[in-house]
Amino acid sequence: MSRYNPKEVEPKWRAAWEKADAFRTRDDPSRPKYYVLEMFPYPSGKIHIGHVRNYAMGDVVARYKRARGYNVLHPMGWDAFGLPAENAAMQTGRHPRDWTLANIEAMRTQLKQMGLSIDWSREFATCEPGYYRHQQKLFLDFWKAGFVERRESYVNWDPVDMTVLANEQVIDGRGWRSGAPVERRKLAQWFFRITDKAEDLLAALDDGRLDGWPENVRTMQRNWIGKSKGLRMTFPFAPETTAPEGFDGVEVYTTRPDTLFGASFVAVAPDHPLAARFAASDPALADFVAECQRTGTSEEAIEKAEKKGKALPVRVAHPLMEGRTLPVFVANFILMGYGAGAIFGCPAHDQRDLDFARKYGLEVTPVVLPPGEDPKTFRIETEAYTGPGTIFNSDFLNGLSVEDAIEAAVAKIEKMGLGEGATVWRLRDWGVSRQRYWGCPIPAIHCEKCGVVPVPEKDLPVELPEVDAKEFETPGNPLERAADWLNVPCPDCGGPARRETDTMDTFVDSAWYFARFAAAREDAPVDKAKADYWLPVDQYIGGVEHAILHLLYARWFTRAMKETGHLSKVEEPFARLFTQGMVTHAAYKDLHGQWVAQEDVREPTPDEKARFEREIVPLWKAGRYVDFPGLFQLPAENEELRATLKTKFGVDGFIGAASGPFHAEPENWLCTEVNRVIGQLPSGVIPVAVFPNEKMSKSKKNVVSPESIAETYGADAARWFMLSDSPPERDVEWTDAGVAGAWRLVNRIWDIVEPAAGALKAHDFSKPPQTDDSIELRRLTHRAIAGVTEDIEHFRFNKAIARIYEFLNGLKKAPPAKRADGAPANGPRAEAYAQAEALSVLARLIAPFTPHLAEECWAHLGGEGFVCDAPWPEADPALLAQETVALGVQVNGKRRAEIVVPADADRQAVEAAALADEAVRRHVEGKTVRKIVVVPGRVVNIVAN
RNA sequence: GCGGACGUGGCGGAACUGGUAGACGCAACGGACUUAAAAUCCGUUGGGCGAAAGCCCGUGUGGGUUCGAGUCCCACCGCCCGCACCA
């Protein structure tokens with residue numbers, strides 16, 4: 001028997017596919033198309049196993065659809081612009097382009113080793129002028145169409161490095177390199193007016209256009225777009241207040257006008273004009289505003305900050321409560337970009353307002369009475385009530401429901417001429433400006449005389465200038481220092497002008513790449529006719545982390561491209577979406593909190609374990625510190641400590657060190673056992689903490705490279721393992737044992753197929769034998785077809801794989817051929833037929849998962865052509881029917897017996913069979929049967945007492 | 001803080017619309033083969049009690065609805081993702 005050798009077999013088939021150009025896609029309007037796309041990778045350096053999972057999923061779908069007769073498009077490219085390339089340039093002195101292109105080279109090679117059915121002829125990288133020139137054309141067309149706008153907005157400014165920081169470069173409010181507190185700074189920037197399309201972007205989530213999307217992603221997008229109906233109204237200044245010049249009150253926006261009578265303050269954003277007006281003459285207020293400005297620009301940072309405010313020297317009048325006036329605060333949790341940049345606070349019914357009111361001793365008047373509460377005793381303590389109820393303490397709104405009160409309050413304010421009902425969106429316009437080199441240049445020129453003018457189309461592309469790699473060591477944007485590139489004559493007047501130095505957000509690159517893959521043209525972003533054939537993407541696959549921004553931007557781009565004539569038919573870019581989970585892997589930390597590579601970690605020897613138990617544990621149990629070379633141990637073993645440890649460090653079983661940063665809090669240490677160590681006893685052994693499920697990253701030193709896996713087990717085993725076990729949408733933990741199991745499977749399949757060389761040639765599969773011979777095996781085969789097909793269709797690859805295992809287990813145990821009536825088979829022909837059929841089906845069912853092995857099996861069995869071109873097997877319904885079913889029998893809801901009945905047994909027969917069962921009789925003895933519930937094909941429940 | 005998911009044996013997970021909890025894989029243990037090991041094959045494996053038949057407990061925690069709850073409802077705990085300049 002020949003042993004299966006993936007090192008020979010896998011490259012052989014990849015070469016054969018390539019030679020035959022097996023995966024090149026041709027436009028063929030006569031066949032139904034299927035466009036499978038996985039989110040293209042950022043070329044970070046190496047493919048990691050998470051990529052393998054992502055692309056293996058897409059490949060299963062692509063190969064399956066191909067087998068089903070579709071004209072499949074499955075392209076690949078590179079999301080090649082972005083920050084990491086510039087960071088690498090700073091650290092290594094390598095030019096971002098060189099770094100990126102080298103990474104692409106390396107990753108392409110690795111990706112190709114995975115045996116993906118990709119049409120590589122369509123590959124591109126977004127950093128190529130051949131791609132971004134079209135993006136600049138789109139930008140110009142969008143600009144012409146009014147979708148582009150320049151306006152001021154805030155960035156994170158590092159005052160020491162004098163540079164703009166990305167949110168991820170702001171750590172605890174400080175610049176990651178300089179450590180200086182970050183400031184918010186206003187810059188003129190480019191925006192895409194995506195809010196103009198908010199209504200349609202929202203509507204499509206629910207009107208059927210996105211039925212192929214998971215509900216959770218649609219919900220997230222809905223919330224993100226955040227349409228809310230409310231009231232925009234003005235609080236006039238109180239009579240005793242001298243209104244500042246130019247202000248005739250404070251305009252606020254609220255979604256809860258029903259709570260107007262519970263208002264106890266008004267608050268404005270730190271960057272609200274009113275705040276600026278008073279800060280100009282009040283240093284303390286100016287300080288407070290500046291302090292708020294020091295919080296980063298991210299919504300998360302603002303929301304998490306402690307609620308703080310400062311009173312302004314004005315009061316406003318409550319328009320509905322005669323004589324009542326409210327204080328006006330500047331508060332750090334009000335966002336200028338949302339609504340009116342100002343709110344009225346109703347502490348009883350909003351948690352943030354309540355926290356704020358308690359801090360500043362403001363009134364808390366409940367106005368919504370929860371059902372069943374007594375208005376006399378109902379109090380708000382530390383928790384705001386945001387649920388439904390009846391309005392009280394509210395004059396003309398009393399007795400109304402929340403909904404009705406909202407309507408009534410809006411009507412009243414409108415009648416008083418103080419405001420009007422308004423719809424506001426949480427969605428903001430898309431700021432696309434980045435003050436960086438490594439991105440698509442924005443095709444604009446700033447002229448002293450003509451202002452901002454577009455680069456004429458004939459001058460596209462605006463290519464990135466050559467810049468010395470050393471330039472990246474200086475903070476700031478190298479484009480601003482590239483004088484030759486920067487200074488150009490104005491295209492309108494010919495006078496002196498400067499190029500725009502902002503480049504585009506990399507989300508722009510990925511907002512239309514799917515269209516380019518499908519319909520690239522030399523002289524235009526997309527070929528409309530081809531796009532009409534291929535779009536939308538039928539199945540899009542990627543991480544949930546992109547559930548909002550990337551997908552929303554691509555949806556907007558599709559609309560904008562349609563309106564500017566670049567696309568015609570497509571409504572939504574991605575018809576079906578699947579969001580897959582991450583791949584995690586164990587990571588290790590030493591006692592100084594430094595990540596340790598797995599290669600450096602080992603299990604302790606029995607000696608080391610014994611010594612630890614002998615010398616350390618008794619001392620620890622005696623309640624003493626242990627000062628062991630390099631180690632100490634903790635006095636107590638208790639659940640509380642363990643829990644603390646778990647929450648604080650996320651580890652199970654850990655050992656403290658006598659030195660290092662963690663020493664400060666020895667009460668947080670607990671030893672359970674030594675799982676993993678580095679170094680050697682007697683003096684140098686150092687236990688390490690095990691974090692079993694960490695997202696793979698270079699910094700954690702827990703990245704698993706598919707190369708080494710493919711080296712040992714082959715690409716098929718790696719693909720198989722990545723798809724088995726965990727459901728695709730969930731995170732999966734990479735374990736070495738897991739791949740080893742997959743490797744065993746590869747061999748098991750080969751061991752079954754190997755003895756059957758040429759088996760497919762001996763049978764005519766269009767003519768199954770008309771006998772009952774080997775019916776069991778044929779049933780097994782057809783159940784496997786039905787199950788695997790169903791599971792692939794529903795993206796349950798882990799279950800599809802489990803079914804293949806079941807098929808395989810059954811195939812090995814396949815009983816000697818028998819007729820259904822139990823008589824011996826009447827000849828070897830039918831048996832051989834069933835065997836050959838089973839193997840033929842097996843080769844085709846595994847083809848999407850382990851394509852190399854499948855080709856090898858197919859060729860060995862004598863199949864025609866490639867298995868990747870073979871049609872998907874069809875299950876024969878007649879062979880799927882069950883003759884008998886096993887039903888669980890419950891007595892009062894507890895399972896007591898199992899009965900086997902004919903599949904078509906009627907209710908009486910099932911009841912009789914259940915009651916006749918001996919175990920059942922024992923349990924109902926002495927009781928009266930009150931009711932028998934029969935769920936056909938499932939269960940029988942006898943209720944007796 | 002806000003929004004969205006998730007929580008089932010030693011581990012990854014399965015369980016369709018509320019109907020036999022633990023499919024399938026991993027690990028572990030026992031056995032076969034072998035001078036031996038690896039590989040392979042066969043078997044056992046949620047916990048407890050029991051010689052066995054069988055009984056009791058069991059899907060993060062506490063409550064509820066139901067003939068019946070992993071699944072539905074309420075509250076809580078834990079963990080993961082996103083929060084607009086990471087991609």
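Numbers restart at 1 for each chain; the letters A, B, ... are given by sequence-line order, proteins then strands. Computed over heavy atoms, backbone and side chain alike; hydrogens, waters and symmetry mates excluded. Since the structure is predicted, the reported quantities are computational estimates derived from the model, not experimental observations.
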The nucleotide from B:rU20, B:rC85, B:rC24 with an atom nearest the side chain of A:Val155 is B:rC85
Holding to side chain to side chain donor-acceptor pair (under 3.5 Å), I want the full list of residues that pass it with A:Glu303, two or more places apart in sequence or in another chain. A:Arg352
To the nearest angstrom, the CG-P distance between A:Asn798 and B:rA23 comes to 15 Å
Side-chain-base donor-acceptor pair under 3.5 Å for A:Arg938 and B:rC16: yes
Work out how far the C1' atom of B:rU8 is from that of B:rU59, and round it to whole angstrom. 4 Å
Give one of base, sugar-phosphate or nothing for A:Val943, where a contact means two heavy atoms less than 4.0 Å apart. sugar-phosphate
Distance check, C1' atoms only: B:rA14 and B:rG78, in whole angstrom units. 23 Å
Donor-acceptor contact present, side-chain A:Trp99 to main-chain A:Pro84, <3.5 Å: no
Less than 4.0 Å between a side-chain N and a carboxylate O, is that true for A:Asp350 and A:Arg256? no
What does the 5'-to-3' dot-bracket notation of RNA chain B look like when only Watson-Crick and G-U wobble pairs under 3.5 Å count, and pairs to other strands show as |? ((((.((..(((......[....))).(((((.......))))).((((....))))..(((((..]....))))))).))))....
Counting only heavy atoms from other residues, nucleotides and ligands, does the tally under 6.0 Å from CD of A:Glu918 exceed 12? no
Separation of B:rC83 P from A:Gln221 CD (nearest whole Å): 13 Å
Is A:His923 touching bases, backbone alone, or none of the nucleic acid, heavy atoms closer than 4.0 Å? sugar-phosphate
Could you check whether A:Pro727 gets within reach of a base, just the sugar-phosphate, or nothing at all, counting any heavy atom under 4.0 Å? sugar-phosphate
Which part of the nucleic acid, if any, lies within contact of A:Arg796, taking any heavy atom under 4.0 Å across all strands shown: a base, the sugar-phosphate backbone alone, or nothing? nothing
By nearest nucleotide on RNA chain B, pick out whichever of A:Gly431 and A:Leu887 is the more 5' one. A:Leu887
OP1, OP2 of B:rC85 versus side-chain N and O of A:Arg434: anything below 4.0 Å? yes
Please give the distance between the P atoms of B:rG60 and B:rU71 as a whole number of Å. 8 Å
Answer with yes or no whether A:Asn167 presents, from its side chain, a donor or acceptor under 3.5 Å of a partner atom in the base of B:rC85. no
Can you say whether the rings of A:Trp743 and A:Tyr713 are parallel (under 30°), tilted (30 to 60°) or perpendicular (over 60°)? tilted
Would you kindly compare A:Arg352 and A:Asp429 by the position of their nearest RNA chain B nucleotide and give the one closer to the 5′ end? A:Arg352
Taking B:rC16 as the reference, what is the distance to B:rA69 when you measure between their C1' atoms (whole Å, please)? 16 Å
Just to be sure I understand the rule, does A:Lys307 reach a base, reach only the sugar-phosphate, or reach nothing, if contact means heavy atoms closer than 4.0 Å? nothing
Distance check: side-chain N/O of A:Lys894 vs OP1/OP2 of B:rG58, anything under 4.0 Å? no
Give A:Gln169 one of three labels, base, sugar-phosphate or nothing, depending on what nucleic acid heavy atoms sit under 4.0 Å from its own. nothing
Applying a 4.0 Å non-hydrogen cut-off, can you work out what A:Ser298 is touching in the nucleic acid: base, sugar-phosphate, or nothing? sugar-phosphate
Do the charged groups of A:Glu925 and A:Arg922 touch, with an N to O distance under 4.0 Å? no
At under 4.0 Å between heavy atoms, what does A:Ile302 touch on the DNA or RNA strands: base, sugar-phosphate, or nothing? nothing
According to side chain to side chain donor-acceptor pair (under 3.5 Å), does anything in residues 936-945 of chain A pair up with another residue at least two apart or in another chain? List the pairs. A:Arg930-A:Asn945
What's the gap between B:rC83 and B:rC76 when it is taken at their P atoms, as a whole Å value? 26 Å
